[in-house]
Amino acid sequence: MAIKGDAMAPPGGVRGLAGKLTSARVTYWELALGGSATGGRHCAWIRDSAALVERVRSFADRT
């Protein structure tokens, strides 16, 4: 998962790292945080986790 606007783990870098997992089935997400996320985007999901929790819950329900 990449967080939009995260300079420490940009989407291209996250995709490149995921691409190295050749024996795994990879699901890639790019998550946009809500307006309440403050500070650096790399750890902002901790304070604004509702979108991430919903995405993981939805993914787990499908598998």
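The figures here come from the full heavy-atom set of this structure, side chains too, leaving out hydrogens, waters and symmetry mates. Numbers for residues simply follow the sequence, beginning at 1.
Here Pro10 pairs with nothing under the side chain to side chain contact (heavy atoms under 4.5 Å, CB included) rule; sequence neighbours left out. By the side chain to side chain contact (heavy atoms under 4.5 Å, CB included) test, Thr27 pairs with Trp29, Phe59, sequence neighbours left out.
The distance from atom CE of Met8 to atom CD1 of Ile3, rounded to the nearest 0.5 Å, is 12.5 Å.
Of all the heavy atoms in Ala2 and Pro11, the pair that sits closest is CB-CA, 3.9 Å. Nearest heavy-atom pair, Arg55 versus Glu30, reported as atom, atom and distance to 0.1 Å: NH2-O, 4.2 Å.
For residues 8-27, the set of pairs meeting the ring pair (Phe, Tyr, Trp, His ring centres under 6.0 Å) definition, not counting sequence neighbours, is empty.
Through side-chain heavy atoms spaced under 4.5 Å, either directly or across other Ile, Leu, Val, Met, Phe, Trp or Tyr residues, Leu21 is tied to Val26.
Residues Tyr28 and Leu31 are members of separate hydrophobic clusters, defined by side-chain heavy-atom contacts under 4.5 angstrom among Ile, Leu, Val, Met, Phe, Trp and Tyr.
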Only distances under 3.5 Å count here; give the side-chain donor-acceptor pairs of residues 13-20 to other protein atoms, sequence neighbours excluded, each with its distance to 0.1 Å.
none

